[in-house]
Amino acid sequence: QVQLVESGGGLVQAGGSLRLSCAASGRTFSSYAMGWFRQAPGKEREFVAAISRLGASTSYADSVKGRFTISRDNAKNTVYLQMNSLKPEDTAVYYCARARTPAYYSDSDIYLGKTYDYWGQGTQVTVSS
């Protein structure tokens with residue numbers, strides 16, 4: 001059983017920054033792509049960013065491109081989301097997720113929730129205007 005635990009959320013003013021972390025249990029972290037999703041109140045969950053198992057490939061939602069950076073440290077079993085120039089519309093619960101299939105990464109579906117099988121409990125990010 002894989003456990004994903006997010007941290008680093010909080011309240012920040014517009015224009016500020018936060019760094020989210022997601023710590024994974026298990027010995028196979030480096031075998032899987034990882035993703036970040038978010039869900040705002042009353043809205044559907046949406047893709048934010050993804051990173052391939054060794055970090056060579058990344059993908060971003062258009063809404064965060066140029067402001068957010070996803071990275072990972074396989075020695076620490078952790079994936080990060082650096083969020084800069086935050087906007088009120090970034091307010092949401094942020095979730096990390098592990099891809100369903102080892103070594104899999106495809107731009108065609110890395111942004112889809114069904115590509116992932118393990119999810120964290122989420123961390124709240126609130127951006128005030």
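- Remark: the T69 side chain and the Y60 side chain contain no N/O donor-acceptor pair separated by less than 3.5 Å.
- Using modelled atom types, no side-chain atom of S63 and backbone atom of A61 make a donor-acceptor pair closer than 3.5 Å.
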**Q.** Y94 and Q124: CA distance, side-chain angles, deciding distance, side chain to side chain contact (heavy atoms under 4.5 Å, CB included) verdict
**A.** CA-CA 6 Å; Y94 284 70; Q124 175 71 47; over 6 Å; no

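- Crowding of K65 atom NZ: a count of heavy atoms from other residues, nucleotides or ligands under 6.0 Å exceeding 12.
- Under the 3.5 Å distance criterion, the side-chain polar atoms of D109 are left unmatched by any main-chain donor or acceptor of K114.
- Outside the 6.0 Å centre-distance limit, the rings of F37 and Y95 are not counted as a close aromatic pair.
- At least one donor-acceptor pair under 3.5 Å links the side chain of E6 to the backbone N or O of Q121.
- In this structure the side chain of V127 never reaches within 4.5 angstrom of the side chain of E89, judged on heavy atoms.
- Because its NZ or CZ atom is not both nearer than 6.0 Å to the ring centre of Y32 and within 45° of the ring axis, R53 does not count as a cation-pi partner of that residue.
- In this structure, R72 is positioned above the aromatic face of F29, its NZ or CZ under 6.0 Å from the six-membered ring centre and within 45° of the axis.
- Nearest approach of I110 to A33, heavy atoms of both residues: CD1-CB, 4.3 Å.
- Counting non-hydrogen atoms of neighbouring residues, nucleotides and ligands closer than 6.0 angstrom, the CD atom of Q3 reaches no more than 12 such neighbours.
- The backbone N or O of D73 lies less than 3.5 Å from no partner atom in the side chain of Y80, so there is not a single donor-acceptor pair.
- Of the possible donor and acceptor atoms, none in the side chain of T126 sits under 3.5 Å from a partner among the backbone N and O of L11.
- Just one of V48, T91, V93 meets the side-chain contact (heavy atoms from CB on, under 4.5 Å) condition when paired with R38; it is V48.
- A donor-acceptor distance shorter than 3.5 angstrom exists from the side chain of N77 to the backbone of G26, with no hydrogens or angles considered.
- In this structure, the ring of F68 has its center no less than 6.0 angstrom from the ring center of W36.
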